[in-house]
Protein chains: 2
Amino acid sequence: MSKSTNPTRQRILDAAVERFANNGYHDTSVADIVDDSGTSKGAVYFHFPSKQDIFLGLVDHFATILEDRLSEAIAQEESGVRRVNVALSVCLETFAAYKKLAKIFLIQATGLGTVFEEKRREIHKRFIDVIQRHLDEAVQEGDLLTIDTEIAAYAWMGAINEVVIEWVYTGHPEPARALPALQNILLRSIGVSEEQIQQLDPNANK
Amino acid sequence: MSKSTNPTRQRILDAAVERFANNGYHDTSVADIVDDSGTSKGAVYFHFPSKQDIFLGLVDHFATILEDRLSEAIAQEESGVRRVNVALSVCLETFAAYKKLAKIFLIQATGLGTVFEEKRREIHKRFIDVIQRHLDEAVQEGDLLTIDTEIAAYAWMGAINEVVIEWVYTGHPEPARALPALQNILLRSIGVSEEQIQQLDPNANK
DNA sequence: GCGCTGAGACCGACCGGTCGGTCTGTTCTA
DNA sequence: TAGAACAGACCGACCGGTCGGTCTCAGCGC
C-alpha cells in the first residue's frame, strides 16, 4: 500500500498470491514462496513478520479494494434500488479483476482454524452489513416488499460468493452471463418488479 | 454405518467431530482426538487408516444423510414448486439437526488444499445439480418465469449455506425465522408469485 | 475345569520428516 | 563505511504415523 513498490517485496507477494490461491495456506510453505519468487528466506522475513501475516495481508488488501470500489460506485447512484444494483455489478467486476485474490478471499481463507476464521468472519460481516444497509434503504424509499433484510443480506452474500467461486474454478459462468442472471434473481428475491428490473439495466441487452 | 456400534470407535468419532468443528482440520492433532476421546493413538490407527480419512469420512457421512433425507422428502411431493419448497425445509432441518457436522461440511472442509478441495467441490456439485434439476422441473410445469436455472442453483446453494453458517456460529437467525424468510426470498427469486408462496406454507402463519 | 493359544482390541514410546522461523553472515548502495 | 537488503544454513518444535508390546477372551484339546 505505502511501501508497495519494492521489487523484491512485490515478487514475494506475487508468488504468495499464486501459491496461496492454487494450493491453499497449509499446502504452501515459505520455501515454496521463496523458490517461486527467486528470493530467499532472509528476504521474506525481512519484508514480512510471518507467513500468516503475508496471507492475512493479502486478504485485507482485497477486502479494502472491494470496499473502496463499492463505496465509490454506490455514492454515484441516487435511488436505493439503483445502488443495490450497481453494487452487485461492481462486486462481480472486482472479483473478476482480481481472480486470484478473490479465490484466496473466498476459499483459501476459510477453514484455517479459529484465528483466521475470526478475521474472515469479521470481514464478511462488514460486507453483509453494507448489503443490509442498502437493502433497508431500498425498502424504505421504494415500492419493493418489506422483507427480512438481514437474512436477505446473508443470502445475497452467499449467492454471489458461490457463483463467483464456481467461476474462479472453472471460468464457467462468464461474467457477461452471470451478472444479468444474478441481477434478475437477486432483485426479484427482494420483490423488485419485473419492469423495474428491465429499467435498471438498459445496456445489458446484448 | 455398518460397524457403527463399536464404542471406542464411536468415542473417537465423537471427539473428532467436536475438535474438527471447533478448531478445523489443521488445528486438530491426532493427539487432541486421542486425549478428548480417552483412547490412544493405537486405537485411532486401529480403527481408521489416517487422520484425513476420519475427516473425509465425516464429511461424506453428513452428505449422505442430507442426500437421503432430501430424496425421501422430494419423492413425497408432486408438483415441482412444492418439491423445491420442501427440499429447502429439509435442508435447513438437517443442518439444524447435525450442527457440528454441518459446520465441518460447510466451513472446515474448505481451504484445505487441492486434495480436499476437489472432494468438497464434487460433493457440493451434487447438491447443486439436484437443485438445478428440480428448478428445471418447476420451470417446465409451472407458471414461474424462465430463468437461468444453473446460476439460480448456485445462488440458492450459496444463499442457504451462508445463512446456515451464520446460524452455526452465532445461533442467531433461529431456524423458525430463517426458514420462512429464505422460502420467501428464494421462491421469489425464481419468479414464484406471492399467492403461490402463501399457499405453499399454510402452517407457518405463526 | 484347566492350561494353552491366537487373534482382536488397544496402548504409548518413538521415529522421521517437515516447516516456520532465526541467525550469521555477505553484498549492495548511498 | 554504515546500514539496509538479501542469502541460505541451521534449529527445534511439532505431528502424523509406526511398531513392539499388553490385555482380554473365545475356542479347544485333554
Side-chain angles (χ1 to χ4, degrees), chain A residues 1-59 104 108-109 111-117 119, chain B residues 1-59 104 108-109 111-117 119:
Chain A
M1 220 66 56
S2 39
K3 55 177 115 170
S4 61
T5 30
N6 179 298
T8 302
R9 183 190 161 92
Q10 194 55 49
R11 292 208 342 261
I12 292 169
L13 282 175
D14 290 346
V17 168
E18 200 71 23
R19 281 282 187 174
F20 282 144
N22 290 336
N23 304 356
Y25 182 78
H26 286 288
D27 282 4
T28 298
S29 69
V30 177
D32 289 334
I33 297 175
V34 166
D35 289 350
D36 284 10
S37 61
T39 62
S40 71
K41 232 158 177 198
V44 169
Y45 282 92
F46 175 78
H47 287 288
F48 304 94
S50 70
K51 177 190 173 187
Q52 174 171 327
D53 195 86
I54 298 176
F55 186 82
L56 290 181
L58 291 174
V59 172
I104 293 173
Q108 309 294 15
L112 298 185
T114 321
V115 183
F116 290 86
E117 195 61 11
K119 179 89 177 170
Chain B
M1 222 62 60
S2 39
K3 55 177 114 169
S4 60
T5 31
N6 180 297
T8 302
R9 183 189 161 93
Q10 194 55 49
R11 298 221 321 275
I12 292 169
L13 282 176
D14 291 345
V17 168
E18 200 71 23
R19 281 281 187 175
F20 283 144
N22 291 334
N23 304 352
Y25 183 78
H26 286 288
D27 282 5
T28 298
S29 69
V30 177
D32 288 334
I33 297 176
V34 166
D35 290 347
D36 285 9
S37 62
T39 61
S40 70
K41 224 149 180 207
V44 169
Y45 282 93
F46 175 77
H47 287 288
F48 304 94
S50 70
K51 177 189 173 186
Q52 174 170 330
D53 196 86
I54 299 176
F55 186 82
L56 290 181
L58 291 174
V59 172
I104 293 173
Q108 309 295 13
L112 299 184
T114 321
V115 183
F116 290 86
E117 195 61 12
K119 179 90 179 172

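Residue numbering restarts at 1 for every chain, and letters A, B, ... go by the order of the sequence lines.
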Whole-Å distance, A:Tyr45 OH to D:dC6 P, equals 16 Å
Check the phosphate of D:dC6 against A:Thr8, side-chain N and O only, distance under 4.0 Å to OP1 or OP2. Yes or no?
yes
Whole-Å distance, A:Asp35 CG to D:dG8 P, equals 11 Å
Open item on the list: Is the shortest side-chain heavy-atom distance between A:His47 and A:Thr39 below 4.5 Å?
Closed with: no
Requested in this report: Kindly assign one of parallel, tilted or perpendicular to the pair B:Phe20 and B:Tyr25, based on the angle between their ring planes and the thresholds 30° and 60°.
Outcome: parallel
Discussion item. For a quick check of understanding: with a heavy-atom distance under 4.0 Å over all strands, which category does A:Ser37 fall into, base, sugar-phosphate or nothing?
Written reply: nothing
A:Ile33 atom CD1 is separated from D:dG8 atom C1', nearest whole Å, by 17 Å
Just to be sure I understand the rule, does A:Lys51 reach a base, reach only the sugar-phosphate, or reach nothing, if contact means heavy atoms closer than 4.0 Å? sugar-phosphate
B:Lys41 atom NZ is separated from D:dC15 atom P, nearest whole Å, by 9 Å
Rounded to whole Å, CG of A:Asn6 lies from P of C:dT29 at a distance of 12 Å
note: A:Arg11, atom CZ; D:dA7, atom C1'; distance rounded to Å ~ 13 Å
So, is B:His47 close to the C:dC10 phosphate, meaning a side-chain N or O under 4.0 Å from OP1 or OP2? yes
Test side-chain contact (heavy atoms from CB on, under 4.5 Å), reference B:Arg19, set B:Thr28, B:Val30, B:Asp35, output is B:Thr28
| Are a donor atom and an acceptor atom from the side chains of A:Asn6 and A:Gln10 found within less than 3.5 Å of each other? | no
When A:Tyr25 and A:Gly42 are each assigned the nearest nucleotide of DNA chain C, the 5'-most assignment goes to A:Tyr25
Between CZ of B:Phe46 and P of D:dT18 the distance, given in whole Å, is 15 Å
Separation of D:dC6 atom C1' from A:Phe48 atom CZ, nearest Å, is 14 Å
